[in-house]
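One-based numbering, in listed order, for ligands and for the atoms of each.
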Amino acid sequence: MIAGTQPVADALVLFGATGDLAKRKLFPALYHLEQRGVLKVPVIGVARSDWTDTAFCEHAHDSILKSIPDAAASAIEPLIGRLDLIQGDYDRHGSRQAVFYMAIPPTMFPTVARSLASVGLNERGRIVVEKPFGRDLVSARELSATLQAVFPEERIFRIDHYLGKESVEDLLVFRFSNTLLEPVWNRNYVRSVQITMSETIGVEGRGSFYDGVGSIRDVVQNHLLQVLALVAMEPPVGPESSYLQDEKAKVFAAMREIDPAQLVRGQYVGYREEQGVTPDSQVDTFTAARLEIDSWRWAGVPWYVRCGKGLAKAATEVVVEFREPPSLLFDEAGGPTPHRNLVRFRLGKHDGVTFTVQAKTPGPHLDSQNVDLSVDFAAALGQRREAYERLLDDALAGLPRRFAREDVVEQTWRVVQPALDAPGPVHPYFRGSWGPSEADRILGGDHWFDPS
Ligand code: BG6
């Protein structure tokens, strides 16, 4: 067994099997695992008491077809054959080495964890917990304590589905397998780093959930800060999970808490009319913040993070902006000074990397202009597996590397806590825009690199 891995599970127990996450992500992911022949265990759904076995199987079937219209019957049928429904009588499965997947509201975690323990299912099993992990630093600690009273920390797998994305994991591989980057990946050469997660969709029927959460808890504390850590971290000393988590923990330990003066929150016009949203809601659907890491590598470099719903384009990008070159050679009267180099990691749908560099403008002068050196990963590397499929596979196999560790999660809450305690006003913005213009305030003369 590789160090840091655990025994392979012999069952997957899905709490919240009739819920939204199971429908949108988990059943399609299970289908892909079945299709690849790697799903070997029974899948036991825990559902509301008024569901029958047949209704549950039909629900799984419909969920798969909704996401994957051309799904093959040759994989759907065996998957349906693995499904079983239980309504709370967990002791039937008492001897299992199961993975318990909590696709349920966090308020229910303590009750479920305790019932599992009451029939001894915690003795060998692993628990997979969906984000948001807590609502703030205090509740995240309480939640960890509750779960750790039942499962040891190494068998608590905290999901952040961004860690299951190939494009996000590529940040680590791209940085540390390309020697040309490392010498310049620091405050001496990097001027700023921007991370943008922009969505065109609104809250899409999740209004009552979202209105109790907002964008800081929904994506900044988890997805954006996990991405940031991969861009900022020192090289881990080995591939084991603990080395990777240690380096992330160091990034956050060196990160100052968000300064409320360097935070702008927004809310799209029309959000308050969404179903489940309170009419005078002050919840943010947009956040922009300037962060700082007080380390030898990054001191003085601004890290701008920005996310929002109802924005102009659906994209997740990291843009590393380098310092400008000396302009001596380019001082000819009236000529343009060279632009700064950019490395743009596209982490969303059309993932890949673009280096924006300078090349000579044709003509008699020593002028330069931007040209892009770009790679589209799907074209270059082929199609990759979806995040949930990879993470379910890892949870069953007992591989913790693509999950979030307790101390890292707590550090991220510490960083965002002032934004939760003193959030300031929420600025309206129109759908289809890049958020409220107030967001420019934190840039101090820089500008946003909007995804193109
Ligand atoms: C989820 C958030 O974690 O991530 C959603 O709760 C968000 O609000 C989603 O829409 C975005 O995920 P992806 O993979 O589509 O970028």
Side-chain angles (χ1 to χ4, degrees), residues 16 19-29 32 66-68 101-106 128-135 140 157-171 195-228 230 265-268 271 274-277 281 283-287 305-318 345-352 377-378 383-392 402-404 409 412-413 416 431 435 451:
D20 184 55
L21 184 77
K23 183 165 149 190
R24 284 186 304 109
K25 300 286 186 186
L26 302 180
F27 285 121
H32 286 300
K66 190 141 198 278
S67 290
I68 316 161
Y101 196 114
M102 313 282 255
I104 48 176
V128 179
V129 193
E130 264 295 333
K131 68 163 260 289
F133 193 83
R135 286 187 55 74
F157 282 37
R158 295 174 186 77
I159 284 237
D160 178 322
H161 80 277
Y162 267 53
L163 297 178
K165 290 183 186 246
E166 284 279 6
S167 59
V168 171
E169 202 170 22
D170 174 68
L171 291 168
I195 303 176
T196 299
M197 175 184 176
S198 54
E199 297 182 277
T200 51
I201 54 171
V203 290
E204 305 287 295
R206 294 161 79 222
S208 56
F209 159 77
Y210 196 89
D211 211 38
V213 175
S215 60
I216 298 171
R217 290 187 174 95
D218 189 39
V219 301
V220 176
Q221 173 268 333
N222 36 75
H223 303 331
L224 292 191
L225 289 184
Q226 288 287 347
V227 165
L228 182 152
L230 291 169
R265 297 188 314 132
Q267 186 187 79
Y268 64 78
Y271 171 74
E274 300 270 11
Q275 204 186 353
V277 171
S281 173
V283 162
D284 42 271
T285 58
F286 172 97
T287 298
V305 298
R306 179 174 61 147
C307 66
K309 295 211 180 268
L311 296 184
K313 194 163 191 279
T316 303
E317 288 195 357
V318 176
F345 294 96
R346 300 185 305 280
L347 309 178
K349 272 211 169 58
H350 304 287
D351 62 329
F377 284 156
Q383 283 305 329
R384 274 74 37 74
R385 292 161 56 204
E386 289 290 329
Y388 272 99
E389 184 190 346
R390 301 180 77 216
L391 294 175
L392 270 178
R402 286 181 273 267
F403 294 82
V409 171
T412 55
W413 280 119
V416 302
R431 288 191 73 150

**Student:** Can you list the atoms of ligand 1 that are under 4.0 Å from a heavy atom of Met197?
**Tutor:**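 Close to Met197: 11 (C).
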**Student:** State whether the side chain of Lys131 and the backbone N or O of Asp218 hold a donor-acceptor pair below 3.5 Å, judged by distance alone.
**Tutor:** yes
**Student:** Could you check atom 1 (C) of ligand 1 against the protein and tell me its nearest heavy-atom contact, residue, atom and distance included?
**Tutor:** His223 NE2, 3.6 Å
**Student:** Hey, does Tyr210 come in under 3.5 Å of ligand 1, counting only N/O atoms on both sides?
**Tutor:** no
**Student:** Under 4.0 Å from atom 15 (O) of ligand 1, is there any protein heavy atom?
**Tutor:**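 For atom 15 (O) of ligand 1 the answer is no, since every protein heavy atom stays at 4.0 Å or beyond.
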**Student:** For atom 12 (O) of ligand 1, what's the nearest protein heavy-atom neighbour? Residue, atom name and distance, please.
**Tutor:**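 So the nearest neighbour among protein heavy atoms is His161 NE2, 3.2 Å.
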**Student:** Starting from atom 10 (O) of ligand 1, find the nearest protein heavy-atom neighbour and note its residue, name and distance.
**Tutor:**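 Atom 10 (O) of ligand 1 sits closest to the protein heavy atom Glu199 OE2, 2.5 Å.
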**Student:** Please check: side-chain N/O of Thr196 versus main-chain N/O of Ser198, any donor-acceptor pairing under 3.5 Å?
**Tutor:**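 Not a single qualifying donor-acceptor pair exists.
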**Student:** Give the numbers and elements of all ligand 1 atoms closer than 4.0 Å to a heavy atom of Lys165.
**Tutor:**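 In order of numbering, the contacting atoms are 13 (P), 14 (O), 16 (O).
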**Student:** What residue and heavy atom of the protein are closest to atom 8 (O) of ligand 1, and at what distance?
**Tutor:** Asp218 OD2, 2.6 Å
**Student:** Polar contacts were defined as any N/O atom of the residue lying under 3.5 Å from an N/O atom of the ligand; does this apply to Thr316 and ligand 1?
**Tutor:**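 Min N/O separation from ligand 1 is not below 3.5 Å for Thr316.
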**Student:** CG/Asp160 to NE2/His223 distance, rounded to the nearest 0.5 angstrom?
**Tutor:**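 Reported value, rounded in 0.5 Å steps: 5.0 Å.
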**Student:** Contact between Phe403 and Leu391 at the side-chain level, heavy atoms closer than 4.5 Å - yes or no?
**Tutor:** yes
**Student:** Check ligand 1 against Lys309 and write out every atom of the ligand that is under 4.0 Å from a heavy-atom position of the residue.
**Tutor:**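 In order of numbering, the contacting atoms are 5 (C), 7 (C), 8 (O), 10 (O).
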**Student:** What residue among Asp211, Thr285, Asp284 forms side chain to side chain donor-acceptor pair (under 3.5 Å) with Tyr271?
**Tutor:** Asp211
**Student:** Just checking, is any N or O donor in the side chain of Thr412 or Gln221 under 3.5 Å from an acceptor N or O on the other one?
**Tutor:** yes
**Student:** Do the side chains of Lys25 and Glu386 get close enough for a salt bridge, i.e. N-O under 4.0 angstrom?
**Tutor:** no
